[in-house]
Asker: 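Here it is: the structure, laid out below.
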Amino acid sequence: MAGYDFAAIEKKWQEYWEKHGTFVQPNPGEQGFVERPKYYVLDMFPYPSGAGLHVGHPEGYTATDIVARYRRMQGFNVLHPMGYDSFGLPAEQYAVEQGVHPRVTTARNIANIERQIRMFGFSYDWSRRVATTDVEYYRWTQWIFLQLYNSWFDPEVNAARPIAELEAKLQSGQFVVNLSGDLVPNISPNKIPDLNLQAVGMGNLKFYELEADQRHRLIDEYRLAYQAEVPVNWCPMLGTVLANEEVTNEGRSDRGNFPVYRRPLRQWMLRITAYADRLIDDLGVLDWPEPIKAMQRNWIGKSVGAEVDFPLESVGTEEWFERRGRGMPAAPELDVIRVFTTRPDTLFGATYMVLAPEHELVAEITTPQQKQEVEAYVQAAKNKSELERSAESKDKTGVFTGAYAINPVTRQAIPIWVADYVMMGYGTGAIMAVPAHDTRDMEFAEKFALPIVQVVQPTAGQDWRGFIDDGVAINSGHYDGLPTSDIKQQITDDLHKAGLGKQAVNYKLRDWLFSRQRYWGEPFPIVHCPACGTVALPESALPLMLPEMDDFSPAASEDPNALPSPPLAKATEWLNTTCPRCGGPARRETNTMPQWAGSCWYFLRYLDPRNDKQLVDPAIEAYWMGSECVGKPAGPTNRATPTRGTAAPGCDEREKGQHGGVDLYVGGAEHAVLHLLYARFWHKVLFDLGHVSTVEPFGKLFNQGMIRSFAYRDRRGMCIGYDDIDFSGDKPRLKATGEELIESVEKMSKSLKNVVNPDVVIAGYGADTFRLYEMFMGPLDASKPWNTRDVPGVHRFCQRVWRMICGSEDMAALIKDQSDAQVEKALHKLIKKVSEDVEAMKFNTAIAAMMEFVNLVYKTGAISKDQAQRFMLVVAPFTPHLAEELWSMLGHSQSLAHEAWPKYDEALLEELTVELPVQVNGKIRGRVVVPVDATQEQVLALALADAKVAAAVEGKTVVKRIVVPGRMVNIVVK
RNA sequence: GCCGAAGUGGCGGAAUUGGCAGACGCGCAGGAUUCAAAAUCCUGUUGGGCUCACACCCAGUGAGGGUUCGAUUCCCUCCUUCGGCACCA
């Protein structure tokens with residue numbers, strides 16, 4: 001019999017699957033579709049980089065492939081697609097450097113990475129492949145942008161609604177515009193407390209009283225996609241602005257490590273903040289790892305507290321406070337400092353205030369004596385780059401403005417300072433400083449000798465200075481003695497009645513900066529018309545294709561003051577167009593969308609990838625994303641009344657938490673916040689507008705751990721490549737000199753010389769071995785080190801499976817005519833174990849069980865043909881090529897991919913007797929074999945009859961007897 | 001600094017609800033096979049003590065304490081590593 005020729009086998013079966021369309025999954029309504037329960041198992045699609053596949057990629061892909069193959073054998077319709085996140089900076093940077101069009105390099109990189117992915121024999125339905133750079137794909141990315149642009153967030157229904165509804169409400173007078181230009185409902189204030197849109201009482205404008213362009217601009221302010229002048233991270237060397245998350249802690253660009261400067265620029269923004277509460281609340285229904293949910297909650301950063309007004313000393317008279325009794329204005333007057341605090345209970349301890357350097361009142365209130373110093377400080381803060389700001393973060397700086405404000409509860413004048421430890425971007429850009437109970441305020445107060453007043457008494461005798469936890473109020477007037485939580489509530493109510501404050505909520509989450517000044521991204525379907533302003537293209541004008549350009553490089557500059565100059569501005573023919581509204585000359589938007597755009601919805605396009613009428617057919621979307629639980633056939637989904645927070649009826653325990661969306665989504669934890677938050681946001685918008693049927697895109701999420709590898713350094717700290725190391729002894733040594741090397745586990749990187757290339761491993765051992773090794777290394781969600789020296793171990797298992805069926809030169813095959821009862825029992829145990837482990841994503845222990853089974857067969861020396869076939873079905877999800885080949889050798893002419901998953905007989909697994917350890921005082925002294933149905937008394941009698949147990953008990957008093965059925969016996973003696 | 005995850009043999013790791021610590025694999029040692037080697041098959045392998053050996057005894061899951069008949073598992077304190085956030089009022 002021929003040996004295990006993995007290279008030939010793997011090629012053969014990959015070609016077979018491709019030729020027979022084994023993994024093509026038809027949609028409902030298509031030819032070949034069979035009505036069955038569905039399972040959507042998704043991988044985070046890769047960015048096709050020039051470097052190709054990394055050993056980290058196939059880890060998740062193998063896990064999902066095992067699940068996909070297992071579910072298919074269980075009789076599910078399995079959707080298992082793959083595609084490419086192919087827009088983005090690296091392709092463009094490379095293209096600029098090499099002078100090749102990004103489309104060319106992107107195509108080349110996709111071809112290479114797909115070749116690599118295909119080597120693993122994953123059961124993807126390749127007919128559904130998409131790439132975000134395909135025109136037919138980004139057409140729909142642009143379409144979703146239009147949905148965002150043509151919607152607003154209606155706080156009354158807490159959802160996105162068509163912008164036309166806002167216009168209608170304004171036209172009908174249901175909403176009006178107040179003096180500060182804000183939109184307010186034309187109803188009594190306080191009806192919508194969270195809206196921050198309270199009417200000021202008089203001076204409201206009716207919509208129809210506004211000029212046409214005013215109306216246009218007003219409406220634009222409320223769109224989910226809007227333009228705003230915001231402080232952005234401007235990177236002149238990349239010629240683009242960057243999102244906060246693309247900037248490192250050191251204030252440099254994530255890609256390229258170039259300096260980044262903070263400056264205000266007009267940009268496209270997406271109103272993700274409107275969804276902050278829903279993004280937090282809906283985490284509750286998701287079957288996601290808790291740490292990831294925590295990271296998202298953290299990122300959104302909701303804090304509940306109060307806004308409190310402090311009048312300047314010059315106006316804070318008795319009359320002012322009396323006047324305030326009539327109500328708190330929506331926006332503070334120019335002689336009032338509004339602060340946000342999460343600790344209104346510490347108001348009596350506010351001994352000074354701090355304004356952010358960018359705060360508009362700084363210039364207003366600074367006294368002439370302090371003017372020079374303050375201006376210098378503000379100017380210096382402005383010129384600081386992110387780098388400098390973080391470098392100086394330890395040491396507090398600031399200057400006194402010379403002005404004072406009145407603490408609204410103590411009625412004492414407190415000094416107002418300017419300091420850059422207060423940021424304009426959070427809260428109101430001003431704080432009340434309570435140095436006794438806030439670490440930062442205390443540092444500042446100590447440095448500048450400002451008064452520190454205790455207002456919280458710690459309950460457990462700690463020092464009150466710097467005590468930031470909850471305690472009991474002290475030095476707080478009639479609030480003294482109240483626990484922190486009570487005084488918070490009461491003082492907030494009292495402030496509200498006095499018109500001095502109100503409950504308020506703040507988020508760390510900012511609106512999503514959505515434009516980039518680059519070529520290789522989706523163009524915005526927007527034109528700028530001198531007559532009509534910003535105008536969206538109609539859907540019929542999509543796709544808006546990127547223009548062909550010879551020079552698509554952005555204007556890179558080392559000058560921090562250089563202006564953005566997007567490459568698209570140079571495509572003059574493309575740039576100049578006509579306004580879709582008035583037909584006059586207009587210019588196209590020259591920004592492009594960020595890389596995150598395409599990955600926000602790719603899982604929806606897989607469902608119906610060639611649909612040229614719709615993003616996705618609603619019936620198909622409902623089938624694959626449907627919220628019915630696993631195992632039940634998907635029925636029609638009620639789009640109008642989605643059931644949030646309730647499990648579908650008929651789900652068993654395991655299936656709770658299934659509220660629709662992708663049934664299993666696997667990827668790295670590096671996308672814990674951004675991709676997953678952005679995608680959830682888009683999905684909710686699409687849900688609100690009726691384009692999808694579920695509130696969440698990904699019902700179950702699993703994060704694979706990072707694969708790192710051993711790095712070796714000599715005593716000078718130089719990294720040594722594996723080829724130069726002698727591993728034969730007990731310690732790794734340098735081959736050349738025998739010097740002992742220091743081992744550590746690190747991320748793979750060229751400089752550490754510890755990179756493992758999947759191509760090389762596959763060439764040496766085959767894809768089945770590679771898959772098996774990555775799954776056997778340890779738990780999927782743990783970070784673990786790659787160790788090439790362990791690979792032969794799992795390869796040996798493949799060899800043993802092969803020889804078990806086929807034999808070898810010096811070993812006969814173990815296939816026998818009779819079946820061994822012990823093997824039969826072990827096989828049932830194995831089927832049960834693997835089924836449970838695959839469902840729990842515990843692939844490493846499933847593989848260990850398969851190894852044990854094979855070891856048993858070797859020991860027994862016999863496996864029947866029937867048993868061998870069932871075993872092939874069990875290993876098939878893990879090592880599909882090997883299993884297919886042996887399956888066909890066992891006499892089958894068709895793939896096993898759609899064979900039924902083997903069943904096990906619970907009755908066969910039941911034992912007649914069980915061996916129990918017998919402990920005396922918690923120490924094991926003996927073992928007894930007892931019938932499984934023995935009574936406690938019988939077990940005890942047998943246990944005490946054991947010679948060693950009897951010896952240990954001899955001469956002592958038995959105090960207690962513990963029998964855990966089927967587990968152990970413990971006898972406590974004195 | 002804050003939040004999260006983790007720490008078990010020479011190495012990767014296993015251990016159901018608090019119930020036999022070290023499954024499985026690597027490595028190592030010994031044996032079989034072989035002219036020999038590789039490969040393969042079999043056996044052993046936490047450390048220490050004692051023993052010709054079997055047996056037996058003691059210690060042991062980062063460190064220290066606690067709860068319990070019994071703790072890798074639960075609680076407290078501390079140490080280390082990794083991931084995330086970072087003056088967020």
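We name chains A, B, ... by the order of the sequence lines, and we start the count at 1 in each one.
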Asker: Distance between the P atoms of B/A71 and B/G18, in whole angstroms?
Answerer: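 B/A71 and B/G18 have their P atoms separated by 14 Å.
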Asker: Using the side-chain contact (heavy atoms from CB on, under 4.5 Å) rule, pick out the option among A/Asp441, A/Ile414, A/Thr341, A/Asn407 that qualifies with A/Met432.
Answerer: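 Only one of A/Asp441, A/Ile414, A/Thr341, A/Asn407 forms a side-chain contact (heavy atoms from CB on, under 4.5 Å) with A/Met432, namely A/Thr341.
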Asker: Just call it for A/Asp441: base, sugar-phosphate, or nothing, with non-hydrogen atoms closer than 4.0 Å on any strand.
Answerer: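 Since no nucleic acid heavy atom lies under 4.0 Å of A/Asp441, the category is nothing.
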Asker: In the strands shown, is B/G19 matched to any nucleotide by a Watson-Crick or G-U wobble pair with both distances under 3.5 Å, and which?
Answerer: B/C69
Asker: For nucleotides B/A59 and B/G9, find the distance between their C1' atoms and express it as a whole number of Å.
Answerer: 14 Å
Asker: Determine whether A/Tyr4 and A/Asp768 make a side-chain contact, defined as any pair of heavy atoms from C-beta on separated by less than 4.5 Å.
Answerer: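 Sidechains of A/Asp768 and A/Tyr4: in contact.
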Asker: Does a side-chain N or O of A/Asn844 approach OP1 or OP2 of B/A14 to a distance below 4.0 Å, or not?
Answerer: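 Yes, A/Asn844 has a side-chain N/O under 4.0 Å of OP1/OP2 on B/A14.
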Asker: Is the base of B/G9 syn or anti, if syn means a glycosidic angle within 90° of 0?
Answerer: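 Syn, since the glycosidic angle lies within 90° of 0.
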Asker: Among B/C58, B/C87, B/G19, which nucleotide has an atom closest to any side-chain atom of A/Arg925?
Answerer: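 Output: B/C58.
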Asker: Which nucleotide sits closest to the side chain of A/Tyr858: B/A89, B/G13, B/C41?
Answerer: B/C41
Asker: For B/G1 versus B/C57, give the span between their P atoms, rounded off to a whole number of Å.
Answerer: 48 Å
Asker: Tell which nucleotide pairs with B/G44, taking only Watson-Crick or G-U wobble pairs whose two distances are both under 3.5 angstrom.
Answerer: B/C28
Asker: So if I take every side-chain heavy atom of A/Phe776 and compare against B/G19, B/G12, B/C85, which nucleotide ends up nearest?
Answerer: B/G12
Asker: Would you please classify the geometry between the A/Tyr352 ring and the A/Phe444 ring as parallel, tilted or perpendicular, with 30° and 60° separating the classes?
Answerer: parallel
Asker: What's the closest nucleotide to the side chain of A/Lys508 if the choices are B/C42, B/A89, B/C85?
Answerer: B/C85
Asker: Mind checking who B/G7 pairs with, Watson-Crick or G-U wobble, both distances under 3.5 Å?
Answerer: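 Matched B/G7 with B/C79 under the 3.5 Å cut-off.
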Asker: Check the angle between the aromatic planes of A/Phe770 and A/Trp786 and answer parallel, tilted or perpendicular using the 30° and 60° thresholds.
Answerer: tilted
Asker: Quantified in whole Å, what is the C1' atom distance between nucleotide B/U61 and nucleotide B/C74?
Answerer: 16 Å
Asker: Partner of B/C2 by Watson-Crick or G-U wobble geometry, both contacts under 3.5 Å, or none?
Answerer: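 In the structure as shown, B/C2 has B/G84 as its Watson-Crick or wobble partner.
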Asker: Is there a Watson-Crick or G-U wobble partner for B/C35 with both distances under 3.5 Å, and which nucleotide is it?
Answerer: none
Asker: Which whole number of Å gives the distance between the C1' atom of B/U45 and that of B/A23?
Answerer: 15 Å
Asker: Considering only the P atoms, how many Å lie between B/A37 and B/A29, rounded to the nearest integer?
Answerer: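 Here B/A37 and B/A29 have their P atoms 14 Å from each other.
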